[in-house]
Amino acid sequence: MWRLITNQTLWIRMLVGTLLMGPMFFAGSLWANTALTLADTIIITLQRNPTIATERGKVTTAMAAVETASGSYDWALSYALAGSKVKTPGATINAFTKRIIETETDTRTTTSTFGAVRATRYGPTVTFANVITKTYADTVLDPTISNSSSLTLSIPLLRGAGKENSSIAELAAIKAVDAARLNASYQIGLNIRSAIDAYWTVLGAQSNLDSLTTTMTRATNTAQILEDRMQGGELAQTEYQRSLAELQLRQIDLDDARRALHTAQQNLILALGIDPKSAPSPPQLADTFPIPPQAQVLQALEEEALLKRALANRRDLRALNVQLASAVMQERKAKSDLLPQLDFEVTANTINPLFSESSDDIPRSFSDWRGMSGPNLTGTLTLTYPLGNHALAGVHKTQKQASNTLRNSVTLSMQSIRTAVSIAREKLISAQRKYSKSQTSLRILEVVAADTMRQMNYGEAGMTDLISVEDRLASVRLKVNAALLAYAKALSELRAAMGLLSSGEDPKLVFRAEDFLTLPSLEPTIAPPSTSAP
């Protein structure tokens, strides 16, 4: 079951929203009358994204492989029924005439065999067999019956001895399930991150459009003022024409912003895993960008501490280590297979003497052991070793190379994690710095723009001064939006690099919407109460 952990307010909002708006979410338009939250984004992605379903399917496939491997240790029952008819020629001498008389004996035999065999996980194989033979001869009035039972234990002494050698397929399949769960958890987290990043991109595009709309409004008002002044003879025609040219440029910027918003909205729908036909109207967003903290807060996130937790949490790295452990185990098995095959087999059997079917004092079934002879014991020691043993030597070399390849993959993964953590941390610091500086610049330019407009009205400043200030003001607004977008994406990038997009493992994978708004902790996180995604 997928879970989404939230604070109490968000928990109530999600629960009510699920009950009241669940049908709307999955019947046509997903957000016709409501704004999309980060919590909604996580829930919808978990439910609708086909890539996530594929990752869960890989775990199911790995579990099926375990079932297949464990089937090698099931009891196998068998029953066989055989019959034969044999004519045996013979001869007798007549006691009176001394003549040889040719004879023929017609013998019919039916044999029913019940058997059971089971290979154990520790190497020995147990085999049980019970054989009932009924013989009919035309020279005998009643058929005769014999019964025998045997129990055989085959024990590998060298090659194949021990649980790790005899049940290697099952053990490897179990580790493959562990690796599949870890990889699925990691990949699902990346899909959630892609959806969240798409959410932030839409929010950034919408913020840019709002900023440019404000700029367009100011440019339109300025053009109107200049037109009035031109008609009053206070402004030259060329100055007014310049304002119109600037207005057209603002219109181009506005058109570009609308196109960027449309592209971002379509990419969000794709990241959610929704058919565009099910979402005809663009989603409106409810959440806002996280505000960067003070610079010293980010500086306190020491890179080595971040890396230490990343190496402990990254599920893809843990999956590689599980695969490496499995490969090393299979390498040991391949090395053990280089030993000679020495098997010991011991069989205990009982044999019922022949008796007539009409004899009431003779046991009639294998369940009655009276009159049985035995148990008889037979032991066999078998040694097999191919000269050169090239086939198994090649397997051992191949498996050894597979282990070395995985060791290299683990090393490379650790190096890439270190790089990813360092880059994400630097992006956070850079985004915070850009946000702080652009916010300061924005406040200053807003004052300057208002003062320049006042000066121009009194003839103390020209239109060129006003246009220059307005250009800078528009540019800084976009820089503020870009810094907020960069910070929000850097948060999810750092959490992805550290393996902290979620907690738990598939299928009990837990996501917290607020984790995409806050810095990761360097201490192990205790998960609060959770709500289940619908």
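We're numbering straight along the sequence, starting at 1.
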Could Arg258 and Asp255 be called an ion pair, given the rule that one side-chain N must be under 4.0 Å from one carboxylate O?
yes
Closer than 4.0 angstrom, basic N to acidic O: yes or no for Lys175 and Asp178?
no
In terms of heavy-atom contacts, Asn165 and Arg332 come closest through OD1-O, 4.4 Å
Run the salt-bridge test on Glu164 and Lys333 with the 4.0 Å N-O cut-off and return the result as yes or no.
no
State, yes or no, whether a side-chain contact exists between Leu317 and Met414 at a heavy-atom distance under 4.5 Å.
yes
From CD (Gln341) to CG (Leu392), nearest 0.5 Å
9.5 Å
Kindly give the heavy-atom pair with the smallest separation between Arg121 and Ser70, and that separation in Å.
NH2-CB, 3.8 Å
Check this for me: does any side-chain nitrogen of one of Glu304 and Arg418 sit under 4.0 Å from a carboxylate oxygen of the other?
yes
Electrostatic pair Glu505:Arg318 at N-O distance under 4.0 angstrom
yes
Salt bridge (charged side-chain N to carboxylate O under 4.0 Å, His left out) involving Arg425 - partner list, sequence neighbours excluded:
none
Can you give me the closest heavy-atom contact between Leu491 and Phe516, atom names plus distance?
CD1-O, 3.9 Å
Heavy-atom nearest pair, Phe289 first then Leu484, reads CD1-CB, 3.7 Å
Determine the minimum heavy-atom distance between Tyr487 and Pro293, stating which atoms define it.
OH-CD, 3.0 Å
Using a 4.5 Å cut-off on heavy atoms from C-beta on, say whether the side chain of Val117 contacts that of Val126.
no
Do Pro283 and Leu268 have side chains that approach each other closer than 4.5 Å (heavy atoms only, starting at C-beta)?
yes
Rounded distance (nearest 0.5 Å) linking atom CG of Leu272 with atom OG1 of Thr41:
6.0 Å
All heavy atoms of Ala257 vs all of Leu209, minimum pair found to be CB-CD1, 3.8 Å
How about Lys58 and Asn183: do any of their side-chain heavy atoms sit closer than 4.5 Å?
no
